[in-house]
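For clarity, every value in this text was computed on a predicted model and none was experimentally measured.
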Amino acid sequence: MISFFIKRLLLLIPVFLAVSMVIFMIVHLVPGDPIDNLVQINSTPEQKAALAAKYGLDKPLYQQYAIWLGKALSGDLGDAIILRRPVVDLIALNLPHSLALGALALAFSTVVGIGAGALAAIYKDSLIDRTTMTLILLGSTVPGFWLGLLLIMLFAVQLGWFPVSGARSWDALVLPVLTVGLGGVALVARVTRVAMMETARKDFVMMLHAKGVPPWQIELRHVLRHALLPVVTILSLRIGWILGGAVTVEFVFARPGLGSLLITSLNQRDYPVVQGSLLMLAIAVMLGTLLGDVVQAAMDPRVRERIK
Amino acid sequence: MAALDPIRKAIRSPRGAGSAAVLVLVVACAVFAPLLAPYAYDIQNLPGANTEPGWAHWMGTDEFGRDLFSRIVYGARTSLTVAISAISISVAAGLTLGAMAGYFGGPFDRAVTAVVDLTWSFPEILIALILIAIIGPGLESTMVAISIAYLAQFTRLTRAQIMALKNETYVEATANLGAGHFHIIFRHLLPNALTPVIVAGMLATGDAIILEATLGFFGLGAQPPTPSWGAMMSSGTAQIFIAPWIIIFPGLAIALTVIAINLFGDALIEALDIRNRLRSS
């Protein structure tokens with residue numbers, strides 16, 4: 001298991017290098033002098049030359065990348081142009097909010113998704129099944145930001161139960177978690193339902209019925225347990241997708257977070273912040289996928305075999 | 001025409017018929033926007049700003065007094081143009097890349113697979129945002145960003161199809177008769193691999209509409225006064241307390257369109273009986 005984890009972690013290194021290279025190249029690919037993209041406008045030529053030397057922009061591209069990556073890894077992502085603070089400080093301020101939202105949304109998707117999917121599978125073709133399936137269809141097709149806005153209108157503006165925006169208190173998290181989570185719930189519920197219905201047709205389940213095991217016990221203890229494997233697989237594949245939902249939803253709820261930071265800086269063309277937040281988001285997605293793989297490998301020895 | 005048979009079959013189910021009707025309506029809005037919209041999409045009327053839905057403006061007006069219904073009708077044009085062209089480019093590129101990789105194998109296949117696997121675990125929105133960071137905001141950038149964000153999916157699917165087909169006897173026979181690689185790929189393999197990729201492309205068009213709207217909502221897509229469903233909602237957030245219809249109706253337009261695309265795609269998958277082939281990638 002530990003060797004699986006280490007191998008999986010090592011496999012992330014080339015991915016990280018490739019992604020960081022693309023992110024590094026942003027300032028060189030956008031129109032204009034990279035130095036103008038990295039520091040405030042209206043600098044004098046002397047200031048520019050000094051800054052170019054400081055950022056190593058007078059060196060060949062591959063050396064620049066090495067310098068940038070080295071600095072980034074030691075926690076120096078440059079200074080924000082608009083806010084004039086180290087990018088690392090901005091990330092440190094925003095990261096906890098994104099982590100809380102992402103983790104809670106993931107937990108919500110998993111628990112509610114498995115619950116809803118199991119209910120739909122057990123009461124197949126009943127009203128519960130049809131309602132769940134309709135909600136699943138809506139959850140996977142309605143744009144996340146619109147759902148967020150609708151929830152704000154209903155629960156914040158009309159009913160006044162939760163704050164409209166911001167992150168000053170814990171209850172400001174409820175609507176964002178619901179918004180991000182619902183897409184995940186739809187996905188998890190769909191996979192759970194199908195997997196349970198497929199397992200229910202297997203011979204060992206028929207055997208359990210023949211032995212007179214109570215149906216609820218069969219469903220919960222045997223069928224659901226078998227069905228969890230594809231659920232974990234889909235979660236490990238789609239973990240980044242749930243985190244991606246958080247990017248959108250933070251912006252809708254005007255919550256602090258990496259997503260809001262990224263979109264604000266993109267609109268202001270504050271490239272050091274764009275690079276820093278993209279790098280952090282990419283790392284989050286990679287670690288999320290790693291976590292999913294590890295959980296999957298812990299549950300299924302065949303996954304551990306595959307990587308050898 | 002034999003190619004239309006699955007569509008006919010799909011329309012026969014109630015789900016397929018209903019969703020096809022909605023899609024025809026949305027496409028009609030996009031094509032005949034100037035005829036259907038009662039007002040111009042960019043005419044401002046500040047005294048009539050934030051008017052509730054009523055007889056004159058049956059979806060109300062926005063914060064500049066522009067008729068919301070007209071803007072939604074024109075918005076269909078923006079959404080569909082961006083989503084359909086982006087996905088078409090993506091499907092065409094994915095078919096080519098996937099077919100080459102699957103057919104030739106070797107280092108080219110390994111390189112393509114490595115890049116596809118790399119982008120696979122990243123959410124489309126993040127890929128699109130990285131690309132927007134490079135090429136800058138705007139409608140054309142949105143199109144490019146969406147087509148690249150979905151490229152991995154179509155490449156992967158095509159590659160899987162070609163891998164499954166290339167060892168068939170008829171391919172071997174054609175090769176023995178002296179057919180060249182490109183003849184085999186374009187005349188024999190791709191036509192047989194096409195159906196699942198096109199259906200996947202159709203389903204992805206729904207996601208692309210949402211992605212376009214999301215980028216528009218962030219202010220990174222369509223720039224004012226171009227009517228885009230996402231951008232309309234974004235300006236509506238400031239009026240959420242007094243004019244919620246500015247947010248409700250464009251969202252409804254997106255949701256209806258995307259649900260219709262998904263249901264019709266599903267009906268088409270049933271009619272063509274290709275669920276397993278779509279899953280195989």
> What heavy-atom pair brings B:Phe122 and A:Val19 nearest, and what distance separates the two atoms?
Replying inline: CZ-CG2, 3.8 Å

> How far does OG1 of A:Thr134 sit from CD1 of B:Ile259, to the nearest 0.5 angstrom?
Replying inline: 10.0 Å

>> Heavy-atom cut-off 4.5 Å, strictly under: side chain, backbone, both or neither for A:Leu262 against chain B?
In response: side chain

>> Applying a heavy-atom distance below 4.5 Å, give me the residues of residues 283-291 of chain A that approach chain B, sorted by number.
In response: A:Val285, A:Met286, A:Thr289

> Could you give the distance from CG (A:Leu281) to CG (B:Leu129), rounded to the nearest 0.5 Å?
Replying inline: 8.5 Å

>> So if I take each residue of residues 78-86 of chain B and look for any heavy atom under 4.5 Å from a heavy atom in chain A, which residues do I end up with?
In response: none

> In terms of heavy-atom pairs under 4.5 Å, which option from A:Ile23, A:Leu278, A:Val22 contacts chain B the most?
Replying inline: A:Leu278

> Who among A:Thr248, A:Val274, A:Val142 has the most heavy-atom pairs with chain B under 4.5 Å?
Replying inline: A:Thr248

> Quick one: of A:Leu138, A:Val15, A:Thr264, who has the most non-hydrogen atom pairs under 4.5 Å with chain B?
Replying inline: A:Val15

>> Keeping A:Asn267 on the side-chain end and B:Phe218 on the backbone end, is there a donor-acceptor pair under 3.5 Å?
In response: yes

> Which of the residues B:Leu126, B:Thr257, B:Ile125 is involved in the greatest number of heavy-atom pairs with chain A at under 4.5 angstrom?
Replying inline: B:Leu126

> Which value, rounded to the nearest 0.5 Å, describes the distance between B:Ile130 atom CD1 and A:Leu279 atom CG?
Replying inline: 9.5 Å

> Do other residues, nucleotides or ligands put more than 12 heavy atoms under 6.0 Å from the CD atom of B:Gln223?
Replying inline: yes

> Can you name the residues of residues 149-156 of chain A that have some heavy atom under 4.5 Å away from a heavy atom in chain B?
Replying inline: A:Leu149, A:Leu150, A:Ile152, A:Met153

>> So which atom in A:Ala18 and which in B:Leu118 form the shortest heavy-atom distance, rounded to 0.1 Å?
In response: CB-CD2, 3.8 Å

Could you list the donor-acceptor pairs under 3.5 angstrom formed between side-chain atoms of residues 241-256 of chain B and any protein atom two or more places apart in sequence or on another chain?
residue  : atom : partner : partner atom : Å
B:Trp245 : NE1  : B:Thr51 : O            : 3.2
B:Trp245 : NE1  : B:Thr61 : O            : 3.1

> A:Pro143 and B:Ile210: which non-hydrogen atoms are nearest, and at how many Å?
Replying inline: CB-CG2, 3.9 Å

> Does the side-chain contact (heavy atoms from CB on, under 4.5 Å) test come out yes or no for A:Trp146 and B:Phe217, once each step is laid out?
Replying inline: CA-CA 10 Å; A:Trp146 187 54; B:Phe217 183 77; over 6 Å; no

